[in-house]
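Here's the structure we're looking at; comments come further down.
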Number of protein chains: 2
Amino acid sequence: MTATEARRAEVRAALIGAAEAAIAAHGLPGLRARDLAKTVGCALGAIYTAFPDLDALIQRVNLRTLAAFEGALGPEDRLAPLPDAGAATGELVRIGLAYLDFARANPLRWRALFQHQPQDGAPPPDWYLVEQARLFRFIEAPLRVLRPDLSPAACALLSRTLFSATHGIVILGLDARLMPLSHDVVRQQLETLIRAMAAGLSAADPGDAA
Amino acid sequence: MTATEARRAEVRAALIGAAEAAIAAHGLPGLRARDLAKTVGCALGAIYTAFPDLDALIQRVNLRTLAAFEGALGPEDRLAPLPDAGAATGELVRIGLAYLDFARANPLRWRALFQHQPQDGAPPPDWYLVEQARLFRFIEAPLRVLRPDLSPAACALLSRTLFSATHGIVILGLDARLMPLSHDVVRQQLETLIRAMAAGLSAADPGDAA
DNA sequence: CAAGGTGGTGAACGTTGTTCATAGAACGGG
DNA sequence: CCCGTTCTATGAACAACGTTCACCACCTTG
């Protein structure tokens with residue numbers, strides 16, 4: 001039994017790797033079941049013994065992308081409390097720029113995180129939300145320094161807002177359809193945005209973000 | 001000659017209308033060539049006499065969506081110069097909230113604006129960029145009041161940044177995958193963001209946005 | 001070693017967008 | 001008014017997709 005299970009696990013891992021390579025090379029439309037089977041060296045139907053469908057496989061790839069970004073964010077000790085508001089603002093800027101850099105370095109894998117939406121309309125699995133929450137801790141840590149008065153729920157909410165604004169800059173800044181922007185210009189715009197928000201948050205009426 | 005041209009134009013208009021309805025009802029994947037032909041009452045191949053492919057048809061629908069949003073922004077005289085910085089900030093907030101409201105009211109048509117990317121990799125046609133530029137004038141007008149020192153190019157760039165941040169809030173705020181947020185919470189977060197950026201812009205070193 | 005069940009196989013299915021030989025309508029000159 | 005020409009709409013056919021399923025081989029077990 002363990003022999004067949006090991007083979008299944010091996011095929012699963014190989015499929016995830018091949019899918020990641022296909023997405024990194026040609027984007028989400030570059031993920032084709034027949035190509036996967038060919039590169040992995042298994043039958044077409046074998047894919048569906050390892051995963052219910054290609055959507056589940058994409059989710060696995062997306063999880064790895066999130067984990068790769070977490071690695072790019074730096075070691076775990078970045079979550080240690082920061083000394084003052086200035087350091088906290090700097091940390092937020094650092095995270096935002098790391099997000100931009102990661103998106104630029106891995107454009108297709110990063111786009112797949114948002115481009116993909118399961119046609120089933122089903123919510124993402126728990127292990128996916130867990131990884132999301134892990135990443136948001138990196139934003140919430142400096143946020144707690146800037147706004148120690150916020151409840152954990154309000155802090156979580158505000159971190160989503162900060163991330164959303166950053167994400168907007170990155171996703172449209174890397175999209176040549178809207179405007180051709182150089183790397184440096186996007187960097188500067190992003191830094192300006194984050195510093196403006198951090199400044200606004202420190203000075204804000206605590207009731208604002210409730 | 002005019003008779004056949006009139007018929008062609010009629011079919012074109014009917015196809016755009018049917019495509020818009022299909023996208024509004026079931027999103028971009030709900031646009032199927034055979035369904036279109038059936039609802040319009042023409043043959044399958046007739047679609048390809050009116051448009052080179054379905055991508056071109058989607059672009060026509062997206063143009064109508066942009067025009068509908070422009071209508072929702074209010075009359076043209078909104079572009080008149082504003083008296084002071086406070087009024088300009090209020091106008092930016094109003095535009096941002098209008099964007100949010102439009103996205104909420106027409107979720108699938110609005111998503112199609114960004115979800116769609118032509119596989120050809122070709123740049124969008126000129127008439128599409130023209131409509132985009134028309135919309136950005138609504139942001140640039142109040143921006144000129146807040147930062148009269150900016151060159152037109154810097155103003156255009158800054159308006160893109162402002163829009164991008166707003167867009168990030170809206171697109172992730174309406175997406176239940178990230179966090180289930182109520183309408184009012186998203187509204188408040190968006191208003192906070194825009195006011196923080198407007199305040200940061202007024203106070204900023206003019207060199208920041210060059 | 002024979003019998004039974006489990007799991008991989010790849011041909012086949014149902015849907016896509018797009019094309020193309022063909023039938024038919026529109027037009028112009030006799 | 002009619003026939004020859006040209007151009008257009010038609011829908012069956014094509015290629016490619018994700019997914020399924022009857023089959024066959026292998027492994028486990030008595």
Side-chain angles (χ1 to χ4, degrees), chain A residues 1-16 18-23 25-62 108 112 115-122, chain B residues 1-16 18-23 25-62 108 112 115-122:
Chain A
M1 193 61 103
T2 83
T4 72
E5 268 186 17
R7 283 166 59 96
R8 283 178 65 101
E10 207 173 319
V11 169
R12 271 181 70 91
L15 280 172
I16 293 173
E20 187 174 36
I23 289 174
H26 305 105
L28 224 37
L31 187 73
R32 288 190 292 279
R34 285 168 179 78
D35 290 353
L36 277 183
K38 178 152 285 184
T39 63
V40 168
C42 69
L44 187 55
I47 296 172
Y48 298 89
T49 69
F51 298 95
D53 50 30
L54 289 191
D55 275 357
L57 185 49
I58 293 172
Q59 277 177 327
R60 274 356 258 230
V61 172
N62 282 348
L108 293 175
Q115 192 175 341
H116 167 66
Q117 38 198 38
Q119 62 250 45
D120 197 338
Chain B
M1 191 63 102
T2 84
T4 72
E5 268 188 16
R7 282 166 60 95
R8 281 178 68 102
E10 208 173 319
V11 169
R12 271 182 71 92
L15 280 172
I16 293 173
E20 187 174 37
I23 290 174
H26 305 105
L28 224 38
L31 187 72
R32 290 189 290 279
R34 284 166 179 79
D35 291 353
L36 277 183
K38 178 152 285 185
T39 64
V40 168
C42 69
L44 186 55
I47 296 172
Y48 297 89
T49 69
F51 298 96
D53 51 29
L54 289 191
D55 275 358
L57 185 48
I58 293 172
Q59 277 178 328
R60 274 356 258 231
V61 171
N62 282 348
L108 294 176
Q115 193 174 341
H116 167 65
Q117 37 199 41
Q119 62 250 40
D120 196 339

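Because the structure is predicted, anything quoted here is derived from the model rather than measured. Chain letters run A, B, ... following the sequence lines, proteins first and then strands; every chain starts at 1.
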Subject >> Distance in angstrom units between A/Lys38 NZ and D/dC17 P, rounded >> reply: 11 Å
Original post:
With a 4.5 Å heavy-atom cut-off, do A/Arg34 and A/Leu44 have their side chains touching?
Top reply: yes
**OP:** Look at the side chain of B/Thr49 and decide which nucleotide, out of D/dA9, C/dT18, D/dT19, has an atom nearest to it.
**Re:** D/dA9
Original post:
Can you check whether B/Thr49's main-chain N or O pairs, donor with acceptor, with B/Arg8's side chain at less than 3.5 Å?
Top reply: yes
**OP:** Hey, which sits more toward the 5' end of DNA chain D by its nearest nucleotide, B/Leu44 or A/Asp35?
**Re:** B/Leu44
Original post:
Of A/Arg34 and A/Gly41, whose closest DNA chain C nucleotide lies nearer the 5' terminus?
Top reply: A/Gly41
**OP:** Check every strand shown and say whether B/Leu31 touches a base, only sugar-phosphate, or nothing at a heavy-atom separation below 4.0 Å.
**Re:** sugar-phosphate
Subject >> CZ on A/Arg7 to SG on A/Cys42, rounded to 0.5 Å >> reply: 10.5 Å
Subject >> Gap between atoms CG and P, on B/Leu15 and D/dA9 respectively (whole Å) >> reply: 11 Å
**OP:** Choose from C/dT9, C/dT18, D/dT19 the nucleotide whose nearest atom is closest to any side-chain atom of A/Cys42.
**Re:** C/dT9
Original post:
Is the side chain of A/Asp53 donor-acceptor paired with the backbone N or O of A/Ala56 at a distance under 3.5 Å, no angle test?
Top reply: yes
**OP:** Between D/dT19, C/dT9, D/dG11, spot the one nearest the side chain of B/Ala43, thanks.
**Re:** D/dG11
**OP:** Figure out the CZ/C1' separation between B/Arg12 and D/dA9, and round it to whole Å.
**Re:** 16 Å
Original post:
For A/Ile47 and D/dT19, what is the distance between atoms CD1 and C1' respectively, to the nearest whole Å?
Top reply: 10 Å
Original post:
In whole angstroms, how far is the C1' atom of D/dA9 from the CD atom of B/Glu10?
Top reply: 15 Å
Subject >> Whole-Å gap separating C1' (C/dT9) and CZ (A/Arg7) >> reply: 12 Å
Original post:
Quick one: which of C/dT9, D/dT19, C/dG17 gets closest to the side chain of A/Leu54?
Top reply: D/dT19
**OP:** Drop me the distance from A/Ile58's CD1 to A/His116's NE2, to the nearest 0.5 angstrom.
**Re:** 5.0 Å
Original post:
Out of C/dT16, C/dT9, D/dG18, which nucleotide sits closest to the side chain of A/Ala33?
Top reply: D/dG18
Original post:
Contact class for B/Leu57 vs. all strands (heavy atom < 4.0 Å): base, sugar-phosphate, or nothing?
Top reply: nothing
Original post:
What is the distance from CG of B/Asp55 to C1' of C/dG17, rounded to the nearest Å?
Top reply: 10 Å
Original post:
Out of D/dA9, D/dT19, C/dG17, which nucleotide sits closest to the side chain of B/Arg8?
Top reply: D/dA9
Original post:
Over how many whole Å does the gap from A/Tyr48 atom OH to D/dG18 atom P extend?
Top reply: 6 Å
Original post:
Nearest to the side chain of B/Arg32 - D/dA12, C/dG17, C/dG10?
Top reply: C/dG17
